Amino acid sequence: MWLACLKTPVTRYLFEGMTSGVRGGGVGRAEPGPLWSALAAADLGWRVFPCAPGAKRPALRDNWQDLATTDADRIRAWWARQPYNIGIACGPSGLVVIDLDVVHEVAHDGRAGLDGPVSGADALERLCRAHGQRYPGGTYTVDTPSGGTHLYFTAPAAPVRNSAGRLGPLIDVRADGGYVVGDGSRIGVRAYTARGGVLPLALPLPDWIARLLTEEPALPGNGWAVGVAGPGWGAGAAGGSPPLPLLERAQGRAYALAAFRQETRRVAEARVGTRNDTLNRAAFSLGQLVAAGLIPPLPVMTGLADAAARAGLPEDEARRTIRSGMAAGARKPRPAAN
């Protein structure tokens with residue numbers, strides 16, 4: 001495995017010069033698999049915690065982010081109990097991980113996702129071309145049991161939060177407040193596997209991606225809710241999104257209900273390759289209305305989750321996207337008269 005590279009003085013010196021927190025003395029080759037992998041990650045300065053054996057969920061009763069550690073004794077005590085999977089807390093570890101998912105569903109004619117990218121890697125390549133940038137390869141990469149990929153980067157100075165679909169369909173970001181399942185973990189018979197026998201070097205997050213993740217998002221589409229035309233909606237200034245008009249309270253509530261029906265229908269009917277992005281946009285738009293007090297949050301979250309389930313999105317993915325989108329929308333609440 002890759003940590004063997006740290007055992008020679010030259011490679012250890014080079015590696016320590018490129019990353020922080022590498023000590024090289026806390027891991028022995030005779031360690032059992034999951035424990036060895038957890039200690040190896042901690043040796044890089046990455047804070048780890050146990051996830052349930054064969055699963056992604058944290059195995060701790062208390063806050064995993066507070067308990068994640070690089071302390072070898074605590075790690076050994078945890079993994080002495082069970083062969084836990086390895087969780088890596090991204091924020092405390094100074095990491096941003098780009099999670100590239102894949103589409104497994106195939107259309108009736110045998111063609112998958114022709115309306116959009118069939119993988120997060122494909123979507124990221126499109127994003128790179130659109131910005132005139134190279135694909136951010138060469139960093140530490142872990143292949144996941146589902147066929148996806150985790151690209152590890154060191155975090156920039158500006159805080160990066162978790163997001164789902166912000167960079168594009170099938171692309172999630174794990175950063176401050178998020179975690180990933182690390183190399184050496186298993187889901188069923190398949191393992192999370194670091195790619196290649198190379199040093200686990202996490203390169204800095206490219207500046208252009210950092211800007212996309214830290215700048216305030218523009219309103220989706222050409223208005224406050226994609227494809228929803230409401231009362232009093234007028235044309236905006238040339239080249240930009242129209243301003244949000246002030247809504248009278250009763251009119252605003254009717255408007256919000258109509259938007260809720262349209263957005264949940266749009267999510268339920270979203271095609272493979274566009275589902276996460278459609279859900280993110282819907283959650284953003286409806287989050288604006290929730291923040292303005294025009295519609296209560298619980299029916300919105302429930303309705304979006306039900307629509308996402310009908311579209312075939314996994315429950316955990318849908319829940320993360322709904323939370324992220326609504327939180328972003330809440331920062332730009334829909335104006336309404338009292």
Side-chain angles (χ1 to χ4, degrees), residues 56-58 63-65 87-92 95-101 116-117 120 123-124 127 144 148 150-151 153 155-156 158-181 205 209-221 224-226 259-260 263-264 266-268 270 273-292 295-309 311-334:
K56 301 179 183 180
R57 66 182 183 277
N63 189 304
W64 54 264
Q65 186 162 247
I88 299 175
C90 294
L95 292 172
V96 174
V97 178
I98 296 180
D99 180 0
L100 305 177
D101 205 352
L124 184 58
L127 183 69
T144 71
H150 290 168
L151 303 178
F153 299 94
V160 175
R161 298 289 300 174
N162 291 333
S163 63
R166 181 162 181 171
L167 292 178
L170 303 172
I171 304 177
D172 291 346
V173 175
R174 300 288 172 260
D176 189 22
Y179 70 92
V180 291
V181 180
L205 183 70
I209 296 181
R211 285 194 296 272
L212 292 177
L213 293 174
T214 55
E215 291 176 351
E216 284 294 322
L219 292 177
W224 66 276
V226 181
F260 173 73
E263 291 292 356
T264 51
R266 189 188 313 279
V267 170
T274 69
R275 297 174 302 179
N276 198 298
D277 187 55
T278 301
L279 178 60
N280 188 51
R281 289 170 179 264
F284 180 95
S285 298
L286 295 177
Q288 291 183 293
L289 301 177
V290 169
I295 190 170
L298 186 57
V300 170
M301 297 173 70
T302 302
L304 287 174
D306 182 65
L313 275 174
E315 181 180 351
D316 287 348
E317 178 183 350
R319 184 167 57 248
R320 292 193 302 265
T321 300
I322 292 167
R323 282 201 304 261
S324 174
M326 290 185 66
R331 293 194 290 269
K332 292 179 177 290
R334 171 76 171 178

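Just so you know, these numbers use all the heavy atoms, side chains as well, and skip hydrogens, waters and symmetry mates. Predicted model only: the values in this text are computed from it and were never measured.
- Taking CG from N276 and OG1 from T278, the interatomic distance works out to 8.5 Å, rounded to the nearest 0.5 Å.
- Closest heavy-atom contact between V160 and L213: CG1-CD1, 4.0 Å.
- Residues C90 and V97 come closest through the heavy atom pair SG-CG2, 3.9 Å.
- Side-chain contact check for L167 versus V173: some heavy-atom pair is nearer than 4.5 Å.
- Applying the side-chain hydrogen bond (donor to acceptor under 3.5 Å, both in side chains) criterion to N280, with sequence neighbours excluded, gives no partner residue.
- For the pair V290 and M326, the minimum side-chain heavy-atom distance is below 4.5 Å.
- Here A305 pairs with I322 under the side chain to side chain contact (heavy atoms under 4.5 Å, CB included) rule; sequence neighbours left out.
- In this structure, CG in L286 is found 13.5 Å from CZ in R281, a value given to the nearest 0.5 Å.
- Atom CG of L170 and atom CG of D277 lie 9.5 Å apart (nearest 0.5 Å).
- Partners of A210 by side chain to side chain contact (heavy atoms under 4.5 Å, CB included), not counting sequence neighbours, listed by chain and number: P156, L205.
- Taking D176 as the reference, R161 meet the salt bridge (charged side-chain N to carboxylate O under 4.0 Å, His left out) condition, with sequence neighbours excluded.
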Subject >> CA sep, side-chain torsions, deciding dist, call: L151, L124, side chain to side chain contact (heavy atoms under 4.5 Å, CB included) >> reply: CA-CA 11 Å; L151 303 178; L124 184 58; 3.9 Å; yes
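- Judged as a side-chain hydrogen bond (donor to acceptor under 3.5 Å, both in side chains), and not counting sequence neighbours, the contacts of D316 are R319.
- What you find for A308 and A318 is that their closest heavy atoms are CB-CB, 3.7 Å.
- Between R266 atom CZ and T274 atom OG1 the span is 10.5 Å, to the nearest 0.5 Å.
- Residues that satisfy the ring pair (Phe, Tyr, Trp, His ring centres under 6.0 Å) test with F260, not counting sequence neighbours, are absent from this structure.
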Test D101 against I171 for side chain to side chain contact (heavy atoms under 4.5 Å, CB included), laying out the working first. CA-CA 6 Å; D101 205 352; I171 304 177; over 6 Å; no
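- I98 CD1 to L100 CG: the interatomic distance, rounded to the nearest 0.5 Å, is 7.0 Å.
- Residues N162 and A175 approach most closely at OD1-N, 2.8 Å, considering heavy atoms.
- With sequence neighbours left out, R323 forms a salt bridge (charged side-chain N to carboxylate O under 4.0 Å, His left out) with no residue at all.
- Distance check: T321 OG1 to F284 CZ gives 14.5 Å after rounding to the nearest 0.5 Å.
- Listed by chain and number, the residues in a salt bridge (charged side-chain N to carboxylate O under 4.0 Å, His left out) with D172 are R174, R320 (sequence neighbours excluded).
- In this view, Q65 satisfies the side-chain hydrogen bond (donor to acceptor under 3.5 Å, both in side chains) rule with no residue, not counting sequence neighbours.
- Of all non-hydrogen atoms in A89 and Y179, the two that sit nearest each other are CA-CB, 4.2 Å.
- Between L304 and T264, some side-chain heavy-atom pair lies under the 4.5 Å cut-off.
- Minimum interatomic distance between A158 and T214 (heavy atoms only, all atoms of both residues): CB-CG2, 4.0 Å.
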